[in-house]
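Working notes, structure below.
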Amino acid sequence: MDILAFLRERAGAFRCPMCRRSLADCRLRQLDHDGSRYTVEVTCSHCELAFLVALELAAGDEAETVESGAEAEVEEVAEPISSDELLEVHRALDRLSGPLTALIRDRDGG
Ligand SMILES: [Zn+2]
């Protein structure tokens, strides 16, 4: 499963939470992959806002289940994000000196 290609195909359907422009030509970087979980950093090519998208792909059958599972998550994340939440992310990233994956694990809470 090429998660970046998967997201790239759909990125045009989503807008940047900051500048509201299309994410069609955003930059995608896979940060973590643990089983069916992927964490991808999305960087808006217009305003350089970077945010994390967490995807959990349904296990088992690939194509269909995988697609619907991931799509649901993407839509959830792509909902307008309040500036408070963005601030939180920036603050968390600010504090973080280690790899970003540490932040993600922390958020999962076990
Ligand atoms: Zn933007």
Side-chain angles (χ1 to χ4, degrees):
M1 177 81 196
D2 186 341
I3 195 71
L4 295 185
F6 175 87
L7 281 174
R8 171 66 65 197
E9 273 180 33
R10 287 155 182 79
F14 300 106
R15 288 176 192 279
C16 170
M18 186 73 93
C19 69
R20 311 300 301 165
R21 294 168 82 169
S22 167
L23 287 171
D25 49 359
C26 64
R27 292 194 298 277
L28 297 170
R29 192 158 65 95
Q30 186 177 316
L31 300 178
D32 197 18
H33 172 205
D34 179 15
S36 62
R37 306 192 89 168
Y38 295 82
T39 305
V40 177
E41 182 190 63
V42 180
T43 306
C44 174
S45 63
H46 302 289
C47 70
E48 298 293 316
L49 172 75
F51 55 98
L52 301 181
V53 174
L55 293 166
E56 178 139 20
L57 302 183
D61 284 13
E62 285 178 49
E64 291 169 70
T65 14
V66 162
E67 190 155 319
S68 57
E71 210 140 49
E73 286 289 334
V74 171
E75 275 168 26
E76 193 176 310
V77 175
E79 286 292 308
I81 299 172
S82 79
S83 47
D84 278 359
E85 284 173 288
L86 284 175
L87 264 181
E88 273 308 308
V89 172
H90 286 304
R91 262 191 234 129
L93 291 176
D94 235 28
R95 281 200 305 268
L96 190 74
S97 52
L100 282 175
T101 49
L103 177 72
I104 293 145
R105 298 223 170 80
D106 185 46
R107 196 190 61 183
D108 282 350

- Note on the structure: Those residues at least two apart in sequence (or on a different chain) that pass side chain to side chain contact (heavy atoms under 4.5 Å, CB included) with H33 are Q30, Y38
- Query: Residues two or more places apart in sequence or in another chain: which of them pass side chain to side chain contact (heavy atoms under 4.5 Å, CB included) with T43?
  - Reply: R27, E41, E48, A50
- Task: Quick one: do L28 and V42 satisfy side chain to side chain contact (heavy atoms under 4.5 Å, CB included)? Show the steps, please.
- Result: CA-CA 5 Å; L28 297 170; V42 180; 3.7 Å; yes
- Task: Could you tell me which residues satisfy side-chain hydrogen bond (donor to acceptor under 3.5 Å, both in side chains) with R8, sequence neighbours excluded, listed by chain and number?
- Result: none
- Distance from L7 atom CG to D2 atom CG, nearest 0.5 Å? 9.5 Å
- Note on the structure: Here the pair of heavy atoms bringing R20 nearest to R15 is O-NH1, 3.2 Å
- Message: Holding to side-chain hydrogen bond (donor to acceptor under 3.5 Å, both in side chains), I want the full list of residues that pass it with S22, two or more places apart in sequence or in another chain.
- Response: none
- Message: Test of understanding: with salt bridge (Lys or Arg N to Asp or Glu O under 4.0 Å), list the residues that count as partners of R21, not counting sequence neighbours.
- Response: none
- Message: Nearest 0.5 angstrom please: L55 CG to I3 CD1, how far?
- Response: 4.5 Å
- Message: To the nearest 0.5 Å, what is the distance between CG on L23 and NE2 on H46?
- Response: 7.5 Å
- Message: Testing the basics here: between C44 and C47, what is the closest heavy-atom pair and its distance to 0.1 Å?
- Response: SG-N, 3.4 Å
- Task: Considering non-hydrogen atoms only, spot the tightest contact between L49 and C16 and give its length.
- Result: CD2-SG, 3.9 Å
